[in-house]
Structure formats: C-alpha cells, structure tokens
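As structure tokens, the structure follows; a few thoughts come after it.
Values below: all heavy atoms of this structure, side chains included; hydrogens, waters and symmetry mates excluded. Naming: A, B, ... by sequence-line order, numbering from 1 per chain. Note that this is a predicted model, so its numbers are computed, not measured.
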Protein chains: 2
Amino acid sequence: MNAVGKKSNSGLSERLNTGGFRFTPQRKQVYDVLLHKRDHPTAEEVFIRAKKQMPEISHATVYNCLDALVQCGLVRLVQLERGATRYCPNMEEHCHYYCDECGTVFDVALASDAAVGPRPRGFKVDHYEIAVHGLCADCAKKK
Amino acid sequence: MNAVGKKSNSGLSERLNTGGFRFTPQRKQVYDVLLHKRDHPTAEEVFIRAKKQMPEISHATVYNCLDALVQCGLVRLVQLERGATRYCPNMEEHCHYYCDECGTVFDVALASDAAVGPRPRGFKVDHYEIAVHGLCADCAKKK
DNA sequence: GTCAAGATTTAGAATAATTCTAAAGACAGG
DNA sequence: CCTGTCTTTAGAATTATTCTAAATCTTGAC
C-alpha cells in the first residue's frame, strides 16, 4: 500500500479505534460507498453498491459497518419516511429537504446553532435532525 | 347518540370528508387512542390499545386509519430510530426530544417559525420535523 | 513465532414492520 | 333498493432489520 492510500485511511482507522472498533476492509468499503455518492442511500442500496467492489460482503456486515460508523460519529442515520433508514456521511450541521413526491433529498447547511429553544430539564443533547417535507421544484411544477 | 357525542365527532368527520375520506368508527377509535395517551405509540401499540375497545379491528385497518389521519393533517408521523414509526396527534409546531437510552419522547413547543434558513430553489415546504437526540435527565444521571 | 481471547464476517434463519390481496360489508346517490 | 365506491377483515406476502453459529482474522501474552 502506498503512502497516499495509507493516509486516506488513517482518519477512518483512528476514528474507528477511538470508538473501540477495528479498521476493516469492509468498513472502509461501506464508508467509501457513502462518501462516493451522497444521495442518502438505504442500507440495501449501500449493500448493492458495496458488492460491486467486494462481491462477498454480506447483508449483516453492511448493517454492522453502518452501525459502527454511526457510533463513531462518521455517519448519521436519516429517517424521512416509513420504511428503510437512510445514511448520510455529511456530519456538518445541516437539515434535509425531502421531496415527498420523488424522494430526492437536499442537504442544506444550517447557518448557526439554530437554537431549538427550551428543552426538558436535565436533557443532555447529543445531536438533532431536522427534516423538511414538501415538494422539490420539479415536482411542484408538475402539480 | 347524544349531542355531546355528536359534537365530539363533528370536527373529525369534517376533516376526514375534506380529505376525501369517510368517517368510520375505526378511524374514530384510532384517533381516540392517539388523543387519549400521548406517548407517541407505534402502529402496533395503537393496534393493541384500539383492540381493547374494538376487538375485531385488524392490523391493516389501523395502518389505513393512521394513513387517513396523517393525510387529513390530524396526526403526524414521527421517525426517531430504526424500526417502527410512531404517531403523534399534536399538530402544533413542536419538536421531539428523544432519549436514546429509554426511548421517552418529550414534546417541546417551538417559539416561532424557527426559521430553518435558506432552502433549495423552488422547494415547496409542507411541514418539518425536528428531532433532538440525547439522554433524558434520569438516564443522564445514571451514567 | 505460537496460542488464546476477542472481534469480525458470512450465509442464512428469524423476527419485526408494513403492504398487499381478495372477499365481504357499509354507504351515498340515482 | 340497485350500483359503484369506499372500507374493513384475515391472512399472505414483502420489506427491513436482527440474530445465530461457524469460520476467519487480529492482537497481545508468552
């Protein structure tokens, strides 16, 4: 493995280790799939894409890898509708605009801390998810 | 049926009609279940509670009723974790504080329009969902 | 280096959540 | 009251996720 290859993994490896996980080729593969096409795929879609490069990878492993990445803070779960959970490697503060018609997801950065206001007494916030539902420009035009 | 009973249904009946749905005892039952205990139950939990009053109600009907209520703007879907969708009859603008440890959900009203900032060009917003993840006071204490 | 302990992957079974199907029932309009 | 449409029902089917047990890999102790 060359220096560049090594370097490209070092961040991932480190984050995994910090979370108590080992670096594995499968975890790298799953993470690469998410980084490569940022269209908020479901676990099933990640599985299909990962298989192209790594045909022996299994379903259960994809879930395992996604869970590990989520626990390490490298990936976030996105729940936009009934049915499959989607995954997003963009860890910056942003919200998801979701077209209820065609299913497209747009990431939109949040300006600031987007103060959510008061909170239950003693509640320790880890992170928040903002999903905006509606129609994308194309679908709105068709109506 | 007395006047009070009739009155208590008229709003529901009207909203259903406006959405192109009929008023049915099952839809009333499902809505009543949600109004009665506002703990963000899953469809399965709604089914179990509805059965107590209406033992013949079926699984599919509960999903049908929940869908109808959602489409009429009487109930909202809440997706907080992988797995079952929850339902919430509180249609005021509010966000959900979710304890990742014990699963408790707290509704917190949003002060204003809680400006979410810029949006994709042409996107027509219908509604938004804000979920705050973390630990409730009790669970935070135990750590 | 060799071994044991623990982590990870795999295929496939199992479970959970949701949707579909076909038949029966209810209901509004003519 | 017919007729077409909507709704409900039981249960099958599908989809999403988790579990299981065996095989493989990694790491640290010796």
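Between A:Tyr97 and B:Phe123, the two ring planes are perpendicular [angle over 60°; tilted spans 30° to 60°]. Ring-plane geometry between A:His127 and B:His133 is classed as parallel, the angle between the planes falling under 30 degrees on a 0 to 90 degree scale with a further cut at 60.
Nucleotide C:dT9 holds its C1' atom 13 Å from the NZ atom of A:Lys51, rounded to whole Å. Atoms CG (B:Leu16) and P (C:dC27) sit 15 Å apart, rounded to a whole Å.
Hydrophobic clustering of Ile, Leu, Val, Met, Phe, Trp and Tyr side chains at less than 4.5 Å, counting indirect connections, unites B:Leu35 with B:Leu74.
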Sugar-phosphate means primed atoms, P, OP1 and OP2; the rest is base. With that split, encode nucleotides 7-23 of chain D 5' to 3' as B, S or - using protein heavy atoms under 4.0 Å.
SBBBB----SBBB----
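Considering B:Gln26, B:His59, B:Arg27 in turn, B:Arg27 is the only one that fulfils the side chain to side chain donor-acceptor pair (under 3.5 Å) rule with B:Asn64.
For the pair A:Glu129 and A:Arg76, the salt-bridge criterion is met [side-chain N within less than 4.0 Å of a carboxylate O].
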